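This report refers to the structure that appears directly beneath it.
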Amino acid sequence: MDIKLLRSFATVALLEHVGQAAEKLHISASPLSRQIQQLESELGITLFHREKKRLRLTEAGRKFLDEVTPFLQHHARLTDYGRSLTQANSGRLDIGYVEAAIHSRILPDAIARIDQHSGSAIHLHAMRSQQQRDLLEERALDVALLHTPPEKGDWFLQKKVLTEPILLAMPKVQAIAVPTPADLQKQRWIADHAHLNLAARARLLAACEQAGFQPNITFEVNGPLAALACVEAGLGFTFIQQSLASRVADTVSLVMLPWLPLEITLYAVWRKDDSRPLIRNFTAALNKVDRKRSAERAAGDYCEG
């Protein structure tokens, strides 16, 4: 099956119009129509309902598109991969990341270090740790930045690239100068929805229980910025990574709890058989950024934001 036919099919399916699809593909409408007919003939199915000038996918067409789309994406990745095997900073790099990688700026700063050279195409994909692990195995991601890496084995390499303290965020009108576990037991808490990261929720609750209190989680949100907005509104307490301190409003108080062993940890994970120079350069850039931040924190002159 000619991949050109698949690209034509996917473009027509997206635009639902032969003329517009032909313009995007830089061909005329007549040969494009013949390509779609040829593909339908090869498959023995009808892919589109013809409605005047518009085309609508049939049920079979929708199912076929579900398979064609990831195939075309993988074909593009293979093409870029082949071109980048011997070039240090060229080719395509698909990076998965959790929010903490952006808030800490380790991801954008690392990209900036390798993006000084032309030829690289970097695609970022926000997703949870488990999704990243799955897509690494499927070769749909090149590098994952996540909280919970895969178990060590023969397939992946991994490096810890960030460790960052956790701060307690409180509404200023309810702020406690030196919070104790008994103080925190009495408060309402804001946290990520449990289903978004079961492992992170379990670590949080275990650390709190070990410290002597159980958070009364009354509001569940999607992400630390949403949690901070709820703290600003006086809806409760939450924990944030130190990198977010510069985004905190004047109505919020922050304090570090030396008796609560909580921190944000990020790992970079990639496939052991991916030896492209671009992968090596990116992971090296992550390490340089983390070392620079650690040195600045140790010197006391690190300023978030």
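Here the structure is a predicted model, which is why all the values come from computation and not from measurement.
Distance alone, capped at 3.5 Å, places no donor-acceptor pair between the W259 side chain and the T180 backbone. Between the side chain of R271 and the main chain of L136, a donor-acceptor pair closer than 3.5 Å is present. The closest donor-acceptor contact from the side chain of S41 to the backbone of Q37 lies at 3.5 Å or more, if one exists at all. Judged by distance alone, with hydrogens and angles left aside, the side-chain atoms of R280 form a donor-acceptor pair with the main-chain N or O of S275 at under 3.5 Å. A donor-acceptor contact shorter than 3.5 Å links the side chain of Q132 to the backbone of M127. Between the side chain of Q158 and the main chain of P150, a donor-acceptor pair closer than 3.5 Å is present. Without hydrogens or angle criteria, T163 side chain to T265 main chain gives no donor-acceptor distance under 3.5 Å. Remark: side-chain polar atoms of T251 are not paired, donor with acceptor, to backbone N or O of K172 under 3.5 angstrom.
Q242 and E164 share no side-chain donor-acceptor pair at under 3.5 Å. Inspection of the H125 and D94 side chains reveals an N or O donor paired with an N or O acceptor under 3.5 Å. Judged purely by distance below 3.5 Å, without hydrogens or angles, the side chains of Q35 and S8 pair a donor atom with an acceptor atom. Of the N and O atoms on the side chains of Q130 and R133, at least one donor lies less than 3.5 Å from an acceptor on the other residue.
In terms of heavy atoms, L254 sits closest to L167 at CD1-CD1, 4.1 Å. In terms of heavy atoms, I95 sits closest to I122 at CD1-CG2, 3.8 Å.
Remark: F64 engages F9 in a ring-ring contact (aromatic ring centres under 6.0 Å, His included) (not counting sequence neighbours).
Summarising the local packing, CG of D66 is surrounded by more than 12 heavy atoms from other residues, nucleotides or ligands at distances under 6.0 Å. For CD of Q20, the number of neighbouring non-hydrogen atoms (other residues, nucleotides, ligands) closer than 6.0 Å is greater than 12.
Between E220 and R201 there is a salt bridge, with a side-chain nitrogen of the basic residue lying less than 4.0 Å from a carboxylate oxygen of the acidic one. Using a 4.0 Å cut-off between charged side-chain N and carboxylate O, E51 and R54 make no salt bridge. Using a 4.0 Å cut-off between a side-chain N of Lys or Arg and a carboxylate O of Asp or Glu, R276 and D274 qualify as a salt bridge. Ion pairing between D290 and K292 fails under the 4.0 Å rule for side-chain N and carboxylate O.
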Derivation and outcome, ring-ring contact (aromatic ring centres under 6.0 Å, His included), residues W189 and F239 | CA-CA 9 Å; W189 284 84; F239 292 112; 4.9 Å; yes
List the steps, then state whether salt bridge (charged side-chain N to carboxylate O under 4.0 Å, His left out) holds for D273 with R139.
-> CA-CA 11 Å; D273 63 0; R139 298 182 176 271; 2.4 Å; yes
Can you check salt bridge (charged side-chain N to carboxylate O under 4.0 Å, His left out) on R50 and E40, steps first, answer last?
-> CA-CA 13 Å; R50 273 73 175 177; E40 289 179 321; 3.0 Å; yes
Apply the test salt bridge (charged side-chain N to carboxylate O under 4.0 Å, His left out) to residues D192 and R128: give CA-CA distance (whole Å), side-chain angles for both, the deciding distance (0.1 Å), then the verdict.
-> CA-CA 12 Å; D192 259 4; R128 298 287 171 172; 3.6 Å; yes
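If you chain together hydrophobic residues whose side chains sit under 4.5 Å apart, I3 and L14 never meet in one group.
Considering L225, V248, V252 in turn, V248 is the only one that fulfils the side chain to side chain contact (heavy atoms under 4.5 Å, CB included) rule with I240.
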